[in-house]
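Every number for a ligand or one of its atoms is a count from 1 in the order of the listing.
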Amino acid sequence: MRRHIVEVVENGKFSHGSKVLELESALAAYTGAAHVIGVNSGTDALVLLLRACGLRPGDEVVVPAFSFIASASSVVLAGGRPVFADVEPDGYGLDPGSVAAVAGPRARFVMPVHLFHHLADMTGLGEVARGLGLTVVEDSAEAIGMRYDGVHAGLLGAGGVLSFFPTKTLGALGDAGAVVTNDPDVAEAVGALRHHGRFGRTIDNFPGIATTTGLVGVNSKMDDVQAAVLLAKLGRLEEDIRRRAVLAERYAEALAGVPGVRKLPSVVTRRGSVRGVFYVYVVEVDRRDELAAHLAGLGVGTETYYPVPMHLQPCFADLGHRPGDFPHAEAACRRTLALPLYPDLPPGDVDRVCDAIRSFYLGRRA
Ligand SMILES: *Cc1c(COP(=O)(O)O)cnc(C)c1O
(Lines give C-alpha, C1' and ligand atoms only; values in the text may rest on other atoms or scores of the structure.)
Protein backbone atom coordinates (compact mmCIF):
# COMPACT_ATOMS: atom_id res chain seq x y z
CA MET A 1 0.00 0.00 0.00
CA ARG A 2 2.84 2.34 0.95
CA ARG A 3 4.41 1.99 -2.52
CA HIS A 4 1.19 3.10 -4.25
CA ILE A 5 0.69 6.03 -1.86
CA VAL A 6 4.29 7.20 -2.25
CA GLU A 7 3.87 7.13 -6.04
CA VAL A 8 0.91 9.48 -5.74
CA VAL A 9 2.77 11.85 -3.46
CA GLU A 10 5.78 11.86 -5.77
CA ASN A 11 3.94 12.38 -9.05
CA GLY A 12 1.78 15.10 -7.53
CA LYS A 13 -1.52 14.16 -9.23
CA PHE A 14 -3.84 14.03 -6.26
CA SER A 15 -7.24 14.04 -7.91
CA HIS A 16 -8.52 12.30 -11.04
CA GLY A 17 -4.97 11.36 -11.94
CA SER A 18 -3.07 8.30 -13.13
CA LYS A 19 -3.66 6.21 -9.95
CA VAL A 20 -7.38 6.56 -10.52
CA LEU A 21 -6.92 5.33 -14.09
CA GLU A 22 -4.85 2.42 -12.81
CA LEU A 23 -7.55 1.50 -10.28
CA GLU A 24 -10.27 1.74 -12.93
CA SER A 25 -8.41 -0.76 -15.12
CA ALA A 26 -7.76 -3.11 -12.21
CA LEU A 27 -11.44 -3.01 -11.23
CA ALA A 28 -12.47 -3.60 -14.83
CA ALA A 29 -10.27 -6.72 -14.86
CA TYR A 30 -11.65 -7.90 -11.51
CA THR A 31 -15.35 -7.35 -12.30
CA GLY A 32 -15.25 -7.99 -16.04
CA ALA A 33 -16.85 -4.58 -16.67
CA ALA A 34 -16.10 -2.88 -19.97
CA HIS A 35 -16.03 0.45 -18.12
CA VAL A 36 -15.31 1.48 -14.53
CA ILE A 37 -15.58 5.17 -13.64
CA GLY A 38 -14.13 6.22 -10.30
CA VAL A 39 -16.09 8.84 -8.36
CA ASN A 40 -16.27 10.35 -4.90
CA SER A 41 -18.72 7.97 -3.20
CA GLY A 42 -21.20 5.19 -3.84
CA THR A 43 -23.99 7.72 -3.43
CA ASP A 44 -22.59 10.00 -6.12
CA ALA A 45 -22.14 6.92 -8.31
CA LEU A 46 -25.90 6.21 -8.03
CA VAL A 47 -26.91 9.80 -8.80
CA LEU A 48 -24.59 10.04 -11.82
CA LEU A 49 -25.56 6.57 -13.07
CA LEU A 50 -29.25 7.45 -13.02
CA ARG A 51 -28.59 10.72 -14.87
CA ALA A 52 -26.32 8.99 -17.38
CA CYS A 53 -29.02 6.41 -18.04
CA GLY A 54 -31.34 9.21 -19.13
CA LEU A 55 -33.49 9.79 -16.05
CA ARG A 56 -35.73 12.79 -16.72
CA PRO A 57 -37.32 15.02 -14.09
CA GLY A 58 -40.29 13.26 -12.53
CA ASP A 59 -39.40 9.78 -13.80
CA GLU A 60 -40.23 7.10 -11.27
CA VAL A 61 -37.68 4.61 -10.02
CA VAL A 62 -38.83 1.50 -8.15
CA VAL A 63 -36.59 0.95 -5.12
CA PRO A 64 -36.82 -1.47 -2.20
CA ALA A 65 -38.40 -0.28 1.06
CA PHE A 66 -35.58 -2.01 2.96
CA SER A 67 -32.19 -0.54 2.06
CA PHE A 68 -29.71 2.18 2.87
CA ILE A 69 -31.26 5.62 2.48
CA ALA A 70 -28.98 6.48 -0.48
CA SER A 71 -30.82 3.96 -2.70
CA ALA A 72 -33.81 6.32 -2.61
CA SER A 73 -32.20 9.71 -1.94
CA SER A 74 -30.04 9.27 -5.06
CA VAL A 75 -33.24 9.07 -7.11
CA VAL A 76 -34.46 12.39 -5.69
CA LEU A 77 -31.04 14.01 -6.18
CA ALA A 78 -31.05 12.88 -9.82
CA GLY A 79 -34.46 14.54 -10.29
CA GLY A 80 -36.64 11.43 -10.12
CA ARG A 81 -39.27 10.07 -7.75
CA PRO A 82 -38.74 6.92 -5.72
CA VAL A 83 -41.57 4.39 -5.67
CA PHE A 84 -41.16 1.78 -2.98
CA ALA A 85 -41.67 -1.96 -3.30
CA ASP A 86 -41.33 -4.77 -0.77
CA VAL A 87 -38.38 -7.12 -0.43
CA GLU A 88 -38.27 -10.90 -0.27
CA PRO A 89 -38.13 -12.26 3.28
CA ASP A 90 -35.03 -14.35 2.49
CA GLY A 91 -32.03 -12.47 1.15
CA TYR A 92 -33.85 -9.07 1.25
CA GLY A 93 -33.80 -8.58 -2.52
CA LEU A 94 -36.45 -6.53 -4.29
CA ASP A 95 -39.51 -8.74 -4.79
CA PRO A 96 -40.40 -8.96 -8.51
CA GLY A 97 -44.10 -9.39 -7.71
CA SER A 98 -44.12 -6.25 -5.59
CA VAL A 99 -42.31 -4.31 -8.35
CA ALA A 100 -45.02 -5.30 -10.81
CA ALA A 101 -47.68 -4.23 -8.29
CA VAL A 102 -46.31 -0.74 -7.58
CA ALA A 103 -44.94 0.31 -11.00
CA GLY A 104 -47.23 2.88 -12.59
CA PRO A 105 -47.19 4.53 -16.01
CA ARG A 106 -44.40 6.96 -15.05
CA ALA A 107 -42.05 4.22 -13.86
CA ARG A 108 -38.95 4.07 -16.05
CA PHE A 109 -36.34 2.41 -13.85
CA VAL A 110 -36.05 -0.34 -11.29
CA MET A 111 -33.18 -0.41 -8.81
CA PRO A 112 -32.44 -3.80 -7.26
CA VAL A 113 -30.19 -3.52 -4.20
CA HIS A 114 -27.91 -6.41 -3.29
CA LEU A 115 -27.85 -6.33 0.50
CA PHE A 116 -25.53 -7.85 3.07
CA HIS A 117 -24.46 -11.13 1.49
CA HIS A 118 -26.88 -11.88 -1.29
CA LEU A 119 -27.97 -10.82 -4.76
CA ALA A 120 -31.55 -9.94 -5.63
CA ASP A 121 -33.50 -12.26 -7.94
CA MET A 122 -32.09 -10.80 -11.14
CA THR A 123 -33.87 -13.33 -13.38
CA GLY A 124 -37.30 -12.50 -11.95
CA LEU A 125 -36.57 -8.77 -11.86
CA GLY A 126 -35.24 -8.86 -15.42
CA GLU A 127 -38.48 -10.43 -16.62
CA VAL A 128 -40.64 -7.88 -14.82
CA ALA A 129 -38.44 -5.03 -16.08
CA ARG A 130 -38.71 -6.24 -19.68
CA GLY A 131 -42.46 -6.62 -19.38
CA LEU A 132 -42.89 -3.07 -18.05
CA GLY A 133 -40.17 -1.46 -20.17
CA LEU A 134 -38.06 -0.51 -17.14
CA THR A 135 -34.30 0.06 -17.25
CA VAL A 136 -32.45 -1.90 -14.55
CA VAL A 137 -29.83 0.02 -12.56
CA GLU A 138 -28.27 -1.85 -9.67
CA ASP A 139 -27.37 -0.49 -6.28
CA SER A 140 -24.48 -2.92 -5.97
CA ALA A 141 -22.69 -0.65 -3.47
CA GLU A 142 -22.29 -3.59 -1.03
CA ALA A 143 -21.78 -6.23 -3.66
CA ILE A 144 -18.18 -6.26 -4.76
CA GLY A 145 -17.23 -9.87 -5.50
CA MET A 146 -20.85 -11.03 -5.82
CA ARG A 147 -21.81 -12.73 -9.05
CA TYR A 148 -25.03 -13.95 -10.64
CA ASP A 149 -24.56 -16.71 -13.20
CA GLY A 150 -20.92 -15.66 -13.28
CA VAL A 151 -21.68 -12.00 -14.06
CA HIS A 152 -20.44 -9.50 -11.50
CA ALA A 153 -23.03 -7.45 -9.62
CA GLY A 154 -23.73 -4.15 -11.34
CA LEU A 155 -23.36 -5.64 -14.83
CA LEU A 156 -26.73 -7.37 -14.99
CA GLY A 157 -28.60 -4.31 -16.27
CA ALA A 158 -27.63 -0.88 -17.63
CA GLY A 159 -25.03 -0.37 -14.93
CA GLY A 160 -24.28 -0.50 -11.23
CA VAL A 161 -22.19 1.09 -8.52
CA LEU A 162 -19.51 0.18 -6.02
CA SER A 163 -18.94 1.91 -2.70
CA PHE A 164 -15.50 2.02 -1.14
CA PHE A 165 -16.66 3.56 2.14
CA PRO A 166 -14.19 2.33 4.79
CA THR A 167 -16.52 -0.35 6.22
CA LYS A 168 -17.33 -1.93 2.86
CA THR A 169 -15.78 -5.23 1.73
CA LEU A 170 -13.24 -3.20 -0.26
CA GLY A 171 -12.83 -0.04 1.80
CA ALA A 172 -10.73 3.08 1.26
CA LEU A 173 -9.40 5.39 3.96
CA GLY A 174 -12.28 7.76 3.30
CA ASP A 175 -15.08 8.12 0.78
CA ALA A 176 -14.82 6.77 -2.75
CA GLY A 177 -17.03 4.93 -5.22
CA ALA A 178 -17.35 3.83 -8.82
CA VAL A 179 -19.83 3.17 -11.59
CA VAL A 180 -19.50 -0.13 -13.48
CA THR A 181 -21.15 -0.61 -16.85
CA ASN A 182 -20.78 -2.35 -20.18
CA ASP A 183 -22.53 0.50 -22.00
CA PRO A 184 -20.06 2.95 -23.58
CA ASP A 185 -22.59 5.79 -23.71
CA VAL A 186 -23.42 5.46 -20.02
CA ALA A 187 -19.70 5.33 -19.25
CA GLU A 188 -19.01 8.46 -21.27
CA ALA A 189 -21.82 10.38 -19.63
CA VAL A 190 -20.76 9.39 -16.09
CA GLY A 191 -17.17 10.27 -16.99
CA ALA A 192 -18.31 13.75 -17.97
CA LEU A 193 -20.80 14.28 -15.12
CA ARG A 194 -18.22 13.52 -12.41
CA HIS A 195 -16.00 16.22 -13.82
CA HIS A 196 -18.23 19.27 -14.27
CA GLY A 197 -19.76 17.83 -17.42
CA ARG A 198 -16.55 17.81 -19.38
CA PHE A 199 -16.25 15.18 -22.05
CA GLY A 200 -12.89 13.60 -22.68
CA ARG A 201 -10.53 12.71 -19.89
CA THR A 202 -8.54 15.62 -18.52
CA ILE A 203 -5.96 15.12 -15.86
CA ASP A 204 -5.96 17.79 -13.19
CA ASN A 205 -3.23 20.43 -13.25
CA PHE A 206 -3.42 20.33 -17.03
CA PRO A 207 -5.14 23.56 -17.93
CA GLY A 208 -3.98 23.43 -21.55
CA ILE A 209 -6.61 20.89 -22.57
CA ALA A 210 -9.53 22.55 -24.27
CA THR A 211 -12.78 21.23 -22.94
CA THR A 212 -16.35 21.87 -23.76
CA THR A 213 -19.10 21.41 -21.25
CA GLY A 214 -21.92 19.38 -22.71
CA LEU A 215 -23.77 18.57 -19.51
CA VAL A 216 -24.13 20.30 -16.17
CA GLY A 217 -22.06 18.03 -13.99
CA VAL A 218 -20.70 17.94 -10.50
CA ASN A 219 -17.31 17.64 -8.86
CA SER A 220 -17.17 13.97 -7.96
CA LYS A 221 -13.61 13.12 -8.87
CA MET A 222 -11.84 10.34 -7.00
CA ASP A 223 -8.75 11.08 -4.90
CA ASP A 224 -5.60 9.33 -6.09
CA VAL A 225 -4.59 8.48 -2.53
CA GLN A 226 -7.84 6.54 -2.15
CA ALA A 227 -7.18 4.85 -5.49
CA ALA A 228 -3.72 3.87 -4.23
CA VAL A 229 -5.17 2.33 -1.06
CA LEU A 230 -7.83 0.48 -3.03
CA LEU A 231 -5.33 -0.87 -5.58
CA ALA A 232 -3.28 -2.36 -2.77
CA LYS A 233 -6.31 -3.87 -1.05
CA LEU A 234 -7.79 -5.20 -4.29
CA GLY A 235 -4.82 -7.56 -4.49
CA ARG A 236 -6.03 -9.41 -1.42
CA LEU A 237 -9.77 -9.00 -1.88
CA GLU A 238 -10.45 -12.63 -2.82
CA GLU A 239 -8.52 -13.83 0.23
CA ASP A 240 -10.52 -11.42 2.43
CA ILE A 241 -13.76 -12.73 0.91
CA ARG A 242 -12.68 -16.32 1.64
CA ARG A 243 -11.91 -15.45 5.27
CA ARG A 244 -15.29 -13.77 5.64
CA ALA A 245 -16.96 -16.94 4.32
CA VAL A 246 -15.08 -19.14 6.81
CA LEU A 247 -16.17 -16.92 9.72
CA ALA A 248 -19.76 -16.88 8.43
CA GLU A 249 -19.73 -20.68 8.36
CA ARG A 250 -18.53 -20.71 11.96
CA TYR A 251 -21.38 -18.42 13.00
CA ALA A 252 -23.88 -20.60 11.14
CA GLU A 253 -22.72 -23.76 12.91
CA ALA A 254 -22.68 -22.19 16.36
CA LEU A 255 -26.05 -20.44 16.01
CA ALA A 256 -28.02 -23.26 14.38
CA GLY A 257 -30.99 -24.20 16.55
CA VAL A 258 -30.49 -21.46 19.13
CA PRO A 259 -33.97 -20.37 20.28
CA GLY A 260 -34.59 -16.71 19.56
CA VAL A 261 -32.37 -16.77 16.49
CA ARG A 262 -35.02 -16.95 13.81
CA LYS A 263 -33.01 -16.78 10.66
CA LEU A 264 -29.41 -17.16 9.58
CA PRO A 265 -28.23 -15.72 6.28
CA SER A 266 -28.62 -18.28 3.56
CA VAL A 267 -28.01 -18.26 -0.14
CA VAL A 268 -31.42 -18.74 -1.71
CA THR A 269 -31.23 -20.88 -4.80
CA ARG A 270 -33.34 -19.42 -7.52
CA ARG A 271 -33.02 -19.76 -11.24
CA GLY A 272 -29.62 -18.08 -11.33
CA SER A 273 -26.56 -19.33 -9.51
CA VAL A 274 -25.44 -16.85 -6.88
CA ARG A 275 -21.96 -16.25 -5.57
CA GLY A 276 -22.62 -14.32 -2.39
CA VAL A 277 -20.04 -12.40 -0.37
CA PHE A 278 -20.40 -11.82 3.36
CA TYR A 279 -20.06 -8.06 3.45
CA VAL A 280 -21.79 -8.29 6.83
CA TYR A 281 -23.27 -11.21 8.82
CA VAL A 282 -26.90 -10.39 9.46
CA VAL A 283 -29.20 -12.60 11.52
CA GLU A 284 -32.87 -12.21 12.39
CA VAL A 285 -33.57 -12.45 16.07
CA ASP A 286 -36.33 -11.98 18.64
CA ARG A 287 -36.01 -9.05 21.06
CA ARG A 288 -33.34 -7.60 18.79
CA ASP A 289 -32.64 -4.37 20.69
CA GLU A 290 -32.43 -6.17 24.03
CA LEU A 291 -29.96 -8.65 22.55
CA ALA A 292 -27.88 -5.81 21.08
CA ALA A 293 -27.78 -4.12 24.52
CA HIS A 294 -26.82 -7.42 26.18
CA LEU A 295 -23.97 -7.91 23.70
CA ALA A 296 -22.85 -4.29 24.10
CA GLY A 297 -22.65 -4.90 27.85
CA LEU A 298 -20.22 -7.72 27.13
CA GLY A 299 -18.14 -5.49 24.88
CA VAL A 300 -19.52 -6.93 21.61
CA GLY A 301 -20.38 -4.28 19.06
CA THR A 302 -23.26 -5.00 16.71
CA GLU A 303 -24.97 -2.87 14.11
CA THR A 304 -28.60 -2.43 13.19
CA TYR A 305 -28.66 -1.59 9.54
CA TYR A 306 -31.78 0.21 8.48
CA PRO A 307 -33.96 0.20 11.64
CA VAL A 308 -36.53 2.38 9.82
CA PRO A 309 -37.90 1.30 6.44
CA MET A 310 -37.58 3.77 3.59
CA HIS A 311 -41.31 4.33 3.19
CA LEU A 312 -41.59 5.47 6.84
CA GLN A 313 -38.61 7.84 6.73
CA PRO A 314 -39.66 11.42 7.55
CA CYS A 315 -38.01 12.70 4.35
CA PHE A 316 -40.44 10.58 2.30
CA ALA A 317 -43.54 11.43 4.34
CA ASP A 318 -45.06 13.17 1.31
CA LEU A 319 -45.42 9.78 -0.38
CA GLY A 320 -48.13 9.00 2.16
CA HIS A 321 -47.13 5.52 3.30
CA ARG A 322 -48.19 3.86 6.54
CA PRO A 323 -46.91 1.02 8.68
CA GLY A 324 -48.05 -2.25 7.14
CA ASP A 325 -47.54 -1.18 3.52
CA PHE A 326 -44.42 -3.34 3.07
CA PRO A 327 -44.52 -6.06 5.72
CA HIS A 328 -41.32 -7.90 4.78
CA ALA A 329 -39.28 -4.70 4.81
CA GLU A 330 -40.78 -3.73 8.17
CA ALA A 331 -40.08 -7.15 9.69
CA ALA A 332 -36.48 -6.96 8.48
CA CYS A 333 -36.11 -3.54 10.12
CA ARG A 334 -37.40 -4.97 13.42
CA ARG A 335 -35.44 -8.19 13.53
CA THR A 336 -32.11 -7.91 11.72
CA LEU A 337 -28.83 -7.53 13.55
CA ALA A 338 -25.32 -7.51 12.10
CA LEU A 339 -22.79 -9.47 14.16
CA PRO A 340 -19.06 -8.64 14.09
CA LEU A 341 -17.41 -9.74 10.84
CA TYR A 342 -14.17 -8.66 9.24
CA PRO A 343 -11.38 -10.68 7.67
CA ASP A 344 -9.03 -10.51 10.66
CA LEU A 345 -11.69 -11.31 13.27
CA PRO A 346 -10.24 -14.09 15.49
CA PRO A 347 -12.40 -17.25 15.23
CA GLY A 348 -12.46 -17.39 19.04
CA ASP A 349 -14.36 -14.09 19.02
CA VAL A 350 -17.07 -15.65 16.88
CA ASP A 351 -17.43 -18.41 19.47
CA ARG A 352 -17.66 -15.89 22.29
CA VAL A 353 -20.33 -13.86 20.49
CA CYS A 354 -22.35 -17.02 19.87
CA ASP A 355 -22.00 -18.12 23.51
CA ALA A 356 -23.28 -14.71 24.59
CA ILE A 357 -26.27 -14.98 22.24
CA ARG A 358 -27.07 -18.46 23.53
CA SER A 359 -26.84 -17.32 27.15
CA PHE A 360 -29.15 -14.38 26.40
CA TYR A 361 -31.92 -16.58 25.06
CA LEU A 362 -31.38 -19.47 27.46
CA GLY A 363 -31.30 -17.13 30.45
CA ARG A 364 -27.84 -18.11 31.62
CA ARG A 365 -25.01 -15.68 32.20
CA ALA A 366 -22.04 -16.01 29.91
C1 LIG B 1 -22.85 2.12 1.29
C2 LIG B 1 -24.06 2.10 0.46
C3 LIG B 1 -24.39 3.14 -0.43
C4 LIG B 1 -23.66 4.45 -0.49
O5 LIG B 1 -22.30 4.38 -0.62
P6 LIG B 1 -21.39 5.58 -0.05
O7 LIG B 1 -20.06 5.27 -0.64
O8 LIG B 1 -21.41 5.46 1.44
O9 LIG B 1 -21.95 6.85 -0.54
C10 LIG B 1 -25.52 3.00 -1.23
N11 LIG B 1 -26.29 1.91 -1.15
C12 LIG B 1 -26.02 0.89 -0.30
C13 LIG B 1 -26.93 -0.28 -0.30
C14 LIG B 1 -24.92 0.97 0.54
O15 LIG B 1 -24.69 -0.03 1.40
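- R244 pairs by the side chain to side chain donor-acceptor pair (under 3.5 Å) definition with nothing, not counting sequence neighbours.
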Show me the short polar-atom pairs for ligand 1: any N or O of it lying under 3.5 Å from a protein N or O, with distances only.
| residue | atom | partner | partner atom | Å |
| --- | --- | --- | --- | --- |
| ligand 1 | 5 (O) | S163 | OG | 3.3 |
| ligand 1 | 7 (O) | G42 | N | 2.7 |
| ligand 1 | 7 (O) | S163 | OG | 2.6 |
| ligand 1 | 9 (O) | G42 | N | 3.3 |
| ligand 1 | 9 (O) | T43 | N | 2.8 |
| ligand 1 | 9 (O) | T43 | OG1 | 2.5 |
| ligand 1 | 11 (N) | D139 | OD1 | 3.2 |
| ligand 1 | 11 (N) | D139 | OD2 | 2.7 |
| ligand 1 | 15 (O) | E142 | OE2 | 2.6 |
| ligand 1 | 15 (O) | K168 | NZ | 3.0 |

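- Not counting sequence neighbours, R106 has no partner by the side chain to side chain donor-acceptor pair (under 3.5 Å) test.
- Of the N and O atoms on the side chains of H35 and E188, not one donor lies less than 3.5 Å from an acceptor on the other residue.
- The ring of Y92 has its center closer than 6.0 angstrom to the ring center of F116.
- Applying the salt bridge (Lys or Arg N to Asp or Glu O under 4.0 Å) rule to pairs touching residues 256-268 yields D90-K263, R262-D286, K263-E284, sequence neighbours excluded.
- Here the CZ atom belonging to F14 is positioned 7.5 Å from the CG atom belonging to N11, to the nearest 0.5 angstrom.
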